[in-house]
*Asks:* 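One structure coming up, written as C-alpha cells, with questions to follow.
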Number of protein chains: 2
Amino acid sequence: MLVATLADVARRAGVSTATVSRIINNSPKPVADALRERVLAAVAELDYVPNANAQQLARADRSAVGVIVHDVSDPYFAEITRGLQRVATENGRLVIICNSYRDPERELAYVDLLHAHRTAAVVLTGSGYIDPATTARLDHKLRLFEATGGRVAVIGRHEHAGDAIVPENEHGGWLAGDALYRLGHTAIGVIAGPAHLTTTADRLTGLHRAAHDHGQTLTTDQIEYAGFDRNGGYAAAALLLDRNPGLTAIAALNDSMAVGALALLRERGLEVPSQISLIGFDDMPISVDVTPPLSTVRLPLEEIGARAMSLALREEGGDPQVEHVAAHLVLRGSTAPLQ
Amino acid sequence: MLVATLADVARRAGVSTATVSRIINNSPKPVADALRERVLAAVAELDYVPNANAQQLARADRSAVGVIVHDVSDPYFAEITRGLQRVATENGRLVIICNSYRDPERELAYVDLLHAHRTAAVVLTGSGYIDPATTARLDHKLRLFEATGGRVAVIGRHEHAGDAIVPENEHGGWLAGDALYRLGHTAIGVIAGPAHLTTTADRLTGLHRAAHDHGQTLTTDQIEYAGFDRNGGYAAAALLLDRNPGLTAIAALNDSMAVGALALLRERGLEVPSQISLIGFDDMPISVDVTPPLSTVRLPLEEIGARAMSLALREEGGDPQVEHVAAHLVLRGSTAPLQ
DNA sequence: TCCCCTTAGGTAAGCGCTTTCCTGGCAGGC
DNA sequence: GCCTGCCAGGAAAGCGCTTACCTAAGGGGA
C-alpha cells in the first residue's frame, strides 16, 4: 500500500485539494459542514497523514527546534534537556536532539544539518571550545543560520554574540574555593574538566580568584585535568593524591567527577569529610544519594534549559539577550573544617 | 538576506540546476572538473545549504529515525538512548528524540509526527500500557507507518508484532526474588513501578514465581506501587515499612526507586544490609556509587539500545525479528543473609 | 567522409503540499 | 426583473529540489 496523498483524499471526497488542505489546517476560510464531514471521513478511511516535508516546503515556515548537546545521557545535559523539552512542548514544538559527544566536527555538521532542515532555532549547549579556528567556523555557520531566518540560543558559551544563557561558572568556582578556604583548607587539589573547554577555564578562574582572595595560590601540580565524568574524577583523584599526599580537600569541577573521586577516596581508606573534604559542582541529582552527600555549587539546570528554549522561541527581532543564571553554594556532608 | 537556493548557485556558476544538484550529491554522472570547481566555488560564496525538506520530498527517501522514550533524563532511558545514537551515528543517520513523559496520548501524537516527517524508522522504548484501547490505537498507527514503508522496532513492549528487543523482565524479577529467598528472607516488601505499565507487571510476575518456587506467596500488602523514580521509591518504602514493620528485605523494581528506598531506610536508622536487605533492578550507573552499593539485576541498557537501532536500520523485508536480552544477577553490598 | 554511438550537460516534469486568485451561483436592493 | 455584492469552492502557480529523458557535440570505424 502506497501512502495516501492529499490528492487521494480529495478524489475520494470529490472535492479539490485546496478544500482538503483548508479543512485539514483549520484555515479561516469557511467550508460547508457537509463537505467538511465528507473530507474528514475520507481522511479517516485512507489513514491519511500529511507529508510534513511537503508542508514545510510549501509553507516555508519553521517549526521544529534543534538542540545540540554533548551527551544526553550525561545527567548534566539530561537535566538541561528536560527543561528545553518542557518549554518546547508547551509551545507545541518538536525537538530534535543531537549528541555531539564533545566532537567539534560533529557539532559543526549538526549545525549544517539543522540548517538544512530549516529548523526554527538551534540551541547549543555545553561548553564551547577554546580553539579559535573551530570557534570561528561555528560562529560563521551560526550567523548564516540566523541570517536566513533561524534563531540561535547558546547555553554557557562565549563564542556567539546572540541570545545566551550564561551560568555563573566563574563565580561558582569562586564559591567552591572560598568555601574550602573558609573551612581552613589550604592543601587543596582540583579536579578539572577537559582543558579545551571554556567551562573548565571559567570555573578554574573562579577557583584561582578565591585562592588569591585568601592570600593563597593554586599551582599547576594541584590541578589535574580529566574527562567530565565519573571515571575521569576517579583517575584524577588518584593522580592528585599520589603527587600530593598531604591534600586535605578536593574540589571537583562537576559532580560526576566528584562521585568518582569519592569512590577512590573510599578505596584508599580516606574518610570524607573528617580526613579530606570534597566539593562538587552542578548539584546533579546523584549528589544527595552518595555517602556522605556531596557539598556542591548548585546550577539550576532544568531552569537553564527552560530559559534557553524561551529565548530560542521568542518572536523575531529584539536585541540579543543575555541572561545570567546564578550559582549557589550548597553545603552538605562532604566538607568539614580542617582538623 | 534570503537563503540561497539551488537556482541561485546555478545562476552564479552559469550552469543548470541539474548540474549543481549532481555535483552536490556526488551523483555517478560524470561532470567536467572545471564545471565542478566553478559550482563548488559558487556554493561556498553563497553559503548555500540545501533545503533538506525539498530534498526529501523530491527523493522520497527516508533517512532520519525517530526515537520515542519516556524521558531521556531518566538514567535508564539515557543509557538506552546512548546505544541507539551510537549505532545511528555509525550509519550516518540523524536521530530525532521524542519524550513522551509516559503520556500515552503524547506517544500516539509522536508516532503521527514521525510518520508525517517520513522518518525511516521509529523505535519505541519503555514499557507499554496495559490499557487495551491505547494499545490498539498505537498498534494501528504503527502498522500504518510500516505499511507506508517505515520500519518500527520496539524495546520491551508486547503490543507490536514486529521487530523487538525484549529484555527478560520476568526472569529478572525471578532472579531478584530468588536471591532474597535464598538468603533466608521471607518478610519481603516489593516496591513496584506504575501498575499500568507492562514492565511492572512482568517483573512482578517473576517475583511471584520466585516466591512460589520457594513455597512462599507475595500478598498485596507486601507490594507498593509507585512512580519509577527516586521519590517514588522513597515514598513507597515508607508506606511498606509502616504497614509491615517486620520486613527484612525490600525488592525495588528499578534502581532509582531502590536509591530512594535506601535514603528512607537511612533516615529511619535501618542499617543495610545488616538489618534489612535491598535489591534493585537495571544496574544503573548510580548503583555502584551509593553506600552500600546496590545489589541489582543487570540489564545491558546500552547494548539494548544499540541492538534496537540495528533492527530498525536493517534493510527492507525480512521477517519480524525478536531478540531476547538476558538479565543477570549482580550481588553487591546491599543484600545479606537473614540474621 | 559519413554515420552512429558515446557522453556532458540541459530541459522539464514531478514530489505533496499551500495559497492566491478566479469563477459561478445566490441573495438582496432598487 | 436586473444588477451588485458576497461567498463557497476550484484552478493553478509555486516551494526547492531530483532525475528521466533529450540534445548537441565529438570521436571512431567503415
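Worth knowing before you read on, the calculation uses all heavy atoms, side chains too, and leaves out hydrogens, waters and symmetry mates. Every chain is numbered from 1 and lettered A, B, ... according to where its sequence line falls, protein lines coming before strand lines. What you see is a predicted model, and the numbers here were worked out from it, not measured in a lab.
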*Asks:* Report yes if at least one side-chain N or O of B:Q55 is closer than 4.0 Å to OP1 or OP2 of D:dG16; otherwise report no.
*Replies:*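 So the side chain of B:Q55 is outside the cut-off, no N or O lying under 4.0 Å from OP1 or OP2 of D:dG16.
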
*Asks:* Decide, yes or no, whether a salt bridge links A:E105 with A:R137 under the criterion of side-chain N to carboxylate O below 4.0 Å.
*Replies:*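 Between A:R137 and A:E105 there is a salt bridge, with a charged N closer than 4.0 Å to a carboxylate O.
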
*Asks:* Heavy atoms under 4.0 Å, any strand shown: does A:T5 hit a base, just sugar-phosphate, or nothing?
*Replies:*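 Result for A:T5 = sugar-phosphate.
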
*Asks:* Whole-Å distance between D:dA8 C1' and A:K29 NZ?
*Replies:*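 That distance rounds to 7 Å.
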
*Asks:* What nucleotide, of D:dA8, D:dT19, C:dT18, holds the atom closest to the side chain of B:A18?
*Replies:* D:dT19

*Asks:* What is the distance, rounded to the nearest whole Å, between atom CG of A:D61 and atom P of C:dC17?
*Replies:*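 Distance, rounded to whole Å: 15 Å.
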
*Asks:* Any idea which of D:dG9, D:dC15, D:dT18 is nearest the A:R22 side chain?
*Replies:* D:dG9

*Asks:* Would you kindly give the CG-to-P distance between B:N26 and D:dT18, to the nearest whole Å?
*Replies:*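 In whole Å, D:dT18 P and B:N26 CG are 12 Å from each other.
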
*Asks:* Let me know, please, whether B:A7 or A:D33 comes out on the 5' side of the other along DNA chain D by nearest nucleotide.
*Replies:* A:D33

*Asks:* Return whichever of B:A54 or B:V15 has its heavy-atom-nearest nucleotide of DNA chain C closer to the 5' end.
*Replies:*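 Nearest-nucleotide comparison on DNA chain C picks B:V15.
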
*Asks:* Grab the CZ-P distance between B:R62 and C:dC15 for me, whole Å please.
*Replies:*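 Spelled out: CZ on B:R62 to P on C:dC15 is 16 Å.
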
*Asks:* Out of C:dC17, D:dG9, C:dG14, which has the shortest distance to the side chain of B:A58?
*Replies:* C:dG14

*Asks:* Restricting to non-hydrogen atoms, name the atom on B:R36 and the atom on B:V31 that form the minimum distance, rounded to 0.1 Å.
*Replies:* NH1-O, 3.7 Å

*Asks:* Answer with yes or no whether B:R118 presents, from its side chain, a donor or acceptor under 3.5 Å of a partner atom in the base of C:dG16.
*Replies:* no

*Asks:* Is any side-chain nitrogen or oxygen of A:T19 closer than 4.0 Å to OP1 or OP2 of D:dG10?
*Replies:* yes

*Asks:* Within the 4.5 Å heavy-atom criterion, are B:V15 and B:L35 side-chain neighbours or not?
*Replies:*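 Sidechains of B:L35 and B:V15: in contact.
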
*Asks:* Just how far, in rounded Å, is P of C:dC17 from CG of A:L6?
*Replies:* 5 Å

*Asks:* Whole angstrom is fine here: how far is it from CG in A:D8 over to C1' in C:dC15?
*Replies:*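 Taking atom C1' of C:dC15 as the reference, CG of A:D8 is at 13 Å.
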
*Asks:* Of the options C:dC15, C:dT19, D:dC17, whose atoms approach the side-chain atoms of A:R59 most closely?
*Replies:*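 Nearest to the side chain of A:R59 among the choices is C:dT19.
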
*Asks:* From CG of A:N53 over to P of D:dC15, roughly how many Å is that when rounded to an integer?
*Replies:* 18 Å

*Asks:* Using side-chain hydrogen bond (donor to acceptor under 3.5 Å, both in side chains) as the criterion, point out the one residue from A:R86, A:R82, A:R307 that pairs with A:E302.
*Replies:*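 Running side-chain hydrogen bond (donor to acceptor under 3.5 Å, both in side chains) over A:R86, A:R82, A:R307 with A:E302 returns exactly one hit, A:R86.
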
*Asks:* Would you say B:Q56 reaches D:dC17's phosphate, i.e. side-chain N/O to OP1/OP2 under 4.0 Å?
*Replies:* no

*Asks:* Do B:D71 and B:Y76 pass the side-chain contact (heavy atoms from CB on, under 4.5 Å) test, and can you show the C-alpha distance, the side-chain angles, and the key distance before you say yes or no?
*Replies:* CA-CA 9 Å; B:D71 183 358; B:Y76 175 85; over 6 Å; no

*Asks:* By the 4.0 Å heavy-atom rule, please label B:A60 as base, sugar-phosphate, or nothing.
*Replies:*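 It contacts nothing in the nucleic acid.
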
*Asks:* For C:dT18 and A:S21 - does any side-chain N or O of the residue sit under 4.0 Å from the phosphate oxygens OP1/OP2?
*Replies:* yes

*Asks:* So, A:R143 and A:D139, do they make that salt bridge, N to O below 4.0 Å?
*Replies:*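 The answer is yes: the pair qualifies as a salt bridge.
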
*Asks:* Return the value, rounded to whole Å, for the distance between atom CZ of B:R11 and atom P of C:dG9.
*Replies:* 20 Å

